[in-house]
Amino acid sequence: MAIFAIGDMHLSLGTDKPMDVFPGWEGYLPRLEANWRKLIGPDDTVILAGDTSWAMNLNDTKADFAFIQSLPGQKWLLKGNHDYWWTTTRKMETFLAANGFDTLHILHNNACIVDDTALCGTRGWPFDDLAAQGEKLMAREAGRLRMSLQAAGNAAQRIAFLHYPPIYPGAAAQELVDVLHDFGVTECYYGHLHGKSIRYATQGERDGITYRLISADGLAFCPYKIR
């Protein structure tokens with residue numbers, strides 16, 4: 001029962017927004033599928049750290065979700081900034097059940113427990129959005145992260161996943177980092193960064209927490225094995 005993670009797959013099987021037009025993304029879907037099937041088994045768990053589908057509404061995710069359903073493992077979806085299809089947890093869970101997507105689950109204000117490890121997370125927010133609305137959204141995301149970590153109960157270990165980077169060279173989304181420290185989190189995985197931005201990603205240990213970028217192109221379209 002291994003644990004994997006990957007973010008920012010940006011699937012567009014049900015809409016006309018192919019990622020192959022971007023450098024490095026050419027033919028990425030067959031590569032992603034081949035790597036996934038090589039590494040991941042039916043009993044493994046995969047965290048999808050946001051920006052999973054370009055669909056504009058939930059109904060239009062069917063082709064993308066069918067592709068994910070066809071892949072091995074249990075998948076837990078986190079919200080990203082481009083997941084415009086995202087709606088209430090109840091509506092999403094009802095949609096998944098109605099369409100037979102029984103290996104897809106929503107990670108939102110809850111936790112996924114694998115053996116003695118809790119997988120927790122939320123979207124996050126850019127640290128440099130200093131507008132009043134930005135401060136409000138950051139506080140809300142910090143609250144959701146806290147709720148997710150609380151949902152871990154008595155799990156021996158908590159691992160955090162975010163879509164937006166919680167830490168940058170010389171700066172941080174301190175509200176989120178503080179929550180990670182409050183719950184003794186020592187591993188945090190995040191996505192969102194692409195192309196030339198990947199080189200600026202904070203990777204490795206900072207103040208007791210090890211951070212790693214898991215955006216799809218940052219991983220060469222190969223899910224990252226955590227455990």
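FYI, the numbering just counts along the sequence from 1. Computed from a prediction, not measured in an experiment: that's the story for all the values here.
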Closest heavy-atom contact between [X] and [Y]?
{"X": "V177", "Y": "P166", "value": "CG2-O, 3.6 Å"}
{"X": "I113", "Y": "A118", "value": "CD1-CB, 3.6 Å"}
{"X": "D83", "Y": "T52", "value": "OD1-N, 3.0 Å"}
{"X": "W125", "Y": "M138", "value": "O-CE, 3.2 Å"}
{"X": "K75", "Y": "Q69", "value": "NZ-O, 3.6 Å"}
{"X": "A49", "Y": "L162", "value": "CB-O, 4.1 Å"}

Honestly curious: do [X] and [Y] fall in one hydrophobic cluster under the side-chain, below-4.5 Å linking rule?
{"X": "M56", "Y": "M19", "result": "yes"}
{"X": "I198", "Y": "W25", "result": "no"}
{"X": "I167", "Y": "Y200", "result": "no"}
{"X": "F183", "Y": "I3", "result": "no"}
{"X": "L48", "Y": "L193", "result": "no"}

Side chains of [X] and [Y]: closer than 4.5 Å at any heavy-atom pair?
{"X": "T202", "Y": "P165", "value": "no"}
{"X": "H163", "Y": "K79", "value": "no"}
{"X": "L145", "Y": "E175", "value": "no"}
{"X": "R37", "Y": "P72", "value": "yes"}
{"X": "L219", "Y": "R212", "value": "yes"}

**Item:** Near-ring test W85/F95, centroid separation under 6.0 angstrom
**Value:** no

Judged by atom type as modelled, is there a donor-acceptor pair below 3.5 Å linking the side chain of [X] to the main-chain atoms of [Y]?
{"X": "S148", "Y": "N110", "answer": "yes"}
{"X": "T15", "Y": "A55", "answer": "no"}
{"X": "Q150", "Y": "A152", "answer": "no"}
{"X": "T61", "Y": "D64", "answer": "no"}
{"X": "D51", "Y": "N81", "answer": "yes"}
{"X": "Y224", "Y": "L213", "answer": "no"}
{"X": "D60", "Y": "G14", "answer": "no"}
{"X": "R158", "Y": "G153", "answer": "yes"}
{"X": "N99", "Y": "F101", "answer": "no"}
{"X": "E141", "Y": "A139", "answer": "no"}

Between atom [atom1] of [X] and atom [atom2] of [Y], what is the distance when rounded to the nearest 0.5 Å?
{"X": "H108", "Y": "T88", "atom1": "NE2", "atom2": "OG1", "answer": "9.0 Å"}
{"X": "R31", "Y": "C222", "atom1": "CZ", "atom2": "SG", "answer": "11.0 Å"}
{"X": "D8", "Y": "H192", "atom1": "CG", "atom2": "NE2", "answer": "8.0 Å"}
{"X": "H10", "Y": "D217", "atom1": "NE2", "atom2": "CG", "answer": "8.0 Å"}
{"X": "Y211", "Y": "L180", "atom1": "OH", "atom2": "CG", "answer": "5.5 Å"}
{"X": "T117", "Y": "R227", "atom1": "OG1", "atom2": "CZ", "answer": "6.0 Å"}

**Request:** Determine, step by step, whether E187 and T210 satisfy the side chain to side chain donor-acceptor pair (under 3.5 Å) criterion, reporting the C-alpha distance in whole Å, the side-chain angles of both residues, the deciding distance to 0.1 Å, and the verdict.
**Result:** CA-CA 5 Å; E187 295 176 63; T210 298; over 6 Å; no

**Item:** Partners meeting side-chain hydrogen bond (donor to acceptor under 3.5 Å, both in side chains) with Y164 (sequence neighbours left out)
**Value:** none

**Prompt:** What residues form a side-chain hydrogen bond (donor to acceptor under 3.5 Å, both in side chains) with W76, not counting sequence neighbours?
**Reply:** none

For residues 40-47, tabulate all N or O donor-acceptor pairs below 3.5 Å that involve a side-chain atom, not counting sequence neighbours.
residue: D44; atom: OD1; partner: A2; partner atom: N; Å: 2.8
residue: D44; atom: OD2; partner: G41; partner atom: N; Å: 2.7

**L119/I226 under side-chain contact (heavy atoms from CB on, under 4.5 Å): CA gap, chis, key distance, verdict** = CA-CA 11 Å; L119 311 178; I226 296 172; over 6 Å; no

**Prompt:** So W54 and H82, would you call those rings parallel, tilted or perpendicular, with 30° and 60° as cut-offs?
**Reply:** tilted

**Prompt:** Under 30°, 30 to 60°, or over 60°: which ring-plane class applies to Y189 and F161, parallel, tilted or perpendicular?
**Reply:** parallel

**Item:** Y84, OH atom: more than 12 neighbouring heavy atoms under 6.0 Å
**Value:** yes

**Request:** Please indicate whether D207 has more than 12 foreign heavy atoms, meaning atoms of other residues, nucleotides or ligands, lying under 6.0 Å from its CG.
**Result:** no

**Request:** Check the pair W86 / R123 against side-chain contact (heavy atoms from CB on, under 4.5 Å), numbers first and verdict last.
**Result:** CA-CA 12 Å; W86 193 276; R123 177 182 58 180; over 6 Å; no

**Request:** Could you give me the CA-CA distance, side-chain angles and deciding distance for I106 and L96, then say whether side-chain contact (heavy atoms from CB on, under 4.5 Å) is met?
**Result:** CA-CA 9 Å; I106 302 300; L96 294 175; 4.2 Å; yes

**Prompt:** Yes or no on side-chain contact (heavy atoms from CB on, under 4.5 Å) for T103 and I68, after CA distance, side-chain angles and deciding distance?
**Reply:** CA-CA 8 Å; T103 67; I68 300 171; 5.7 Å; no

